[in-house]
Amino acid sequence: MTESELTESEPPGAAGHPAPAVPVGPVPAPGGGPARVPGTGPRPGAVRSRPTPYDARGPREPGPRGRCAEAAVRRYLDRRPEATVVALGEGLGTGFWRLDNGRLTWLTVAPPETAAVRRILLPDGPRRRTVARAAADHGWLDAVPEPRRGVVVTAAGVLMRLPPPEVRALLAACAERFPGGALVFDVLPRRSAALARRCGALAGGRWPAPVRWSLDRAELPRVASAHPGIVAVRELPVPPARLPAASLRRPAAYRHRVPVLRALLPLVCEVRFAGP
């Protein structure tokens, strides 16, 4: 993918009873587990099968795209169980508790403000830590321990919000530093990206970040041109949404089967890097 091909994706100018009062701030969990925010989790002493973030139901189940990406990470861990999982822009995500195989290392990369909150609510553990870096700041690559054991990077909602040159630079850096690794990301097709930008403008700039990079399905092979170490690029099949039985009569249940609608759906892609 050439610089000009990437750059053209960037837009111009890119009455009920009152609730009881609760203490403010997180409550540390026993045994080093995730901290509990009062009012959002189980009561102290409640019986639970194992420590889980936020509430007794365990980590929140991701949506279709998230399940697709996590399935790709599981496949990688099946091959390299001691690999490092790098979750770019994960925020307060709880993927570690869903994917932990007892051997992996987990690295969450988040901006400093988000990282500070995550360290309070989800304190670092022996195989899990948070790095206060922006995704485009390649300093986080140095925090990956023993890349030779394998590295799989996830970037849900991250690359599409970077300027195209930064996307290219990030892909190249990962290919250079993580031989035998993989990167899983999602991206909007061009028409959907244009619609997202228009909606963002109508919202008066209240959206967290604009969509700057987009990619149509036919353009997917061009991603490999970012670095010679990229040996495979493919779209991953996204599972259908888990809808209630009553919802199956709604058009949303068939959106993956209608070509026009499918062309507007985000892609989930996997990039593989050359190496052992």
Side-chain angles (χ1 to χ4, degrees), residues 1-14 62-73 75-76 87-89 135-136 152-175 181-203 205 207-241 251-274:
M1 188 183 296
T2 65
E3 188 79 17
S4 59
E5 288 169 338
L6 276 170
T7 305
E8 65 184 16
S9 297
E10 188 171 10
R65 277 184 287 162
R67 298 202 306 272
C68 176
E70 290 188 355
V73 174
R75 289 192 294 269
Y76 188 90
L88 298 180
V152 54
V153 183
T154 66
V158 173
L159 299 192
M160 68 176 77
R161 304 192 186 280
L162 296 179
E166 293 187 7
V167 175
R168 183 181 181 88
L170 181 58
L171 288 168
C174 289
L183 187 149
V184 182
F185 67 93
D186 57 355
V187 62
L188 293 177
R190 293 184 184 274
R191 287 185 179 181
S192 297
L195 180 61
R197 289 192 288 264
R198 191 174 303 128
C199 292
L202 293 175
W207 284 22
V211 176
R212 297 181 174 182
W213 181 60
S214 55
L215 190 72
D216 285 336
R217 284 174 170 82
E219 300 173 305
L220 196 55
R222 297 183 185 178
V223 174
S225 67
H227 191 275
I230 297 178
V231 295
V233 183
R234 67 181 183 124
E235 181 183 3
L236 302 175
V238 177
Y254 303 96
R255 64 190 184 279
H256 288 275
R257 305 178 186 178
V258 180
V260 176
L261 296 180
R262 184 179 181 275
L264 298 175
L265 294 174
L267 294 76
V268 179
C269 308
E270 180 185 50
V271 177
R272 294 194 179 185
F273 308 129

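Because the structure is predicted, anything quoted here is derived from the model rather than measured. Numbers here simply count residues along the sequence, with the first being 1.
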Inset, instruction - Test Phe185 against every option in Val268, Val158, Val271 by the side-chain contact (heavy atoms from CB on, under 4.5 Å) rule and name the one that passes. - result: Val271
Legend entry - Flag side-chain contact, heavy atom, 4.5 Å: Cys269 against Leu220: yes
Inset, instruction - Please lay out, stage by stage, how Thr154 and Val73 fare under the test side-chain contact (heavy atoms from CB on, under 4.5 Å). - result: CA-CA 8 Å; Thr154 66; Val73 174; 3.6 Å; yes
Legend entry - Flag side-chain contact, heavy atom, 4.5 Å: Met160 against Arg212: no
Legend entry - CD-CG distance between Glu219 and Leu267, expressed to the nearest 0.5 angstrom: 10.0 Å
Inset, instruction - Could you tell me which non-hydrogen atom of Ala224 sits nearest to which non-hydrogen atom of Ile230, and how far apart they are? - result: CA-CG2, 3.7 Å
Inset, instruction - Please report the closest heavy-atom contact between Gly181 and Tyr76, naming both atoms and the distance. - result: CA-OH, 3.4 Å
Legend entry - Any Leu88 side-chain heavy atom under 4.5 Å of Leu170 side chain: yes
Inset, instruction - Inspect the contact between Glu70 and Arg67 and indicate whether a charged nitrogen and a carboxylate oxygen are less than 4.0 angstrom apart. - result: no
Inset, instruction - State, to 0.1 Å, how close Ala172 and Ala226 come at their nearest heavy-atom pair, and which atoms those are. - result: CB-O, 3.8 Å
Inset, instruction - Compare all side-chain heavy atoms of Val233 with those of Pro221 and state whether any distance is below 4.5 angstrom. - result: no
Inset, instruction - Could I get the full list of salt bridge (charged side-chain N to carboxylate O under 4.0 Å, His left out) partners for Glu270, not counting sequence neighbours? - result: Arg234, Arg272
Legend entry - Any Pro189 side-chain heavy atom under 4.5 Å of Arg217 side chain: yes
Legend entry - Contacts of Glu166 that satisfy side-chain contact (heavy atoms from CB on, under 4.5 Å) - sequence neighbours left out: Ala136, Leu162, Pro163
Inset, instruction - Mind listing the closest non-hydrogen atom pair of Leu159 and Val167 along with its distance? - result: O-CG2, 3.4 Å
Inset, instruction - Identify the two heavy atoms, one from Ala274 and one from Val231, that lie closest to each other, and give their separation to 0.1 Å. - result: CB-CG1, 3.4 Å
Inset, instruction - Return yes if some donor-acceptor pair links the side-chain N/O of Asp186 with the main-chain N/O of Gly157 below 3.5 Å, else return no. - result: yes
Legend entry - Contact check, side chains of Cys68 and Pro239, non-hydrogen atoms, under 4.5 Å: yes
Inset, instruction - Using atom types as modelled and distance alone, determine if a side-chain donor or acceptor of Asp216 lies under 3.5 Å from a backbone N or O of Arg190. - result: yes
Legend entry - Side-chain touch Phe273/Leu183, heavy atoms, less than 4.5 angstrom: yes
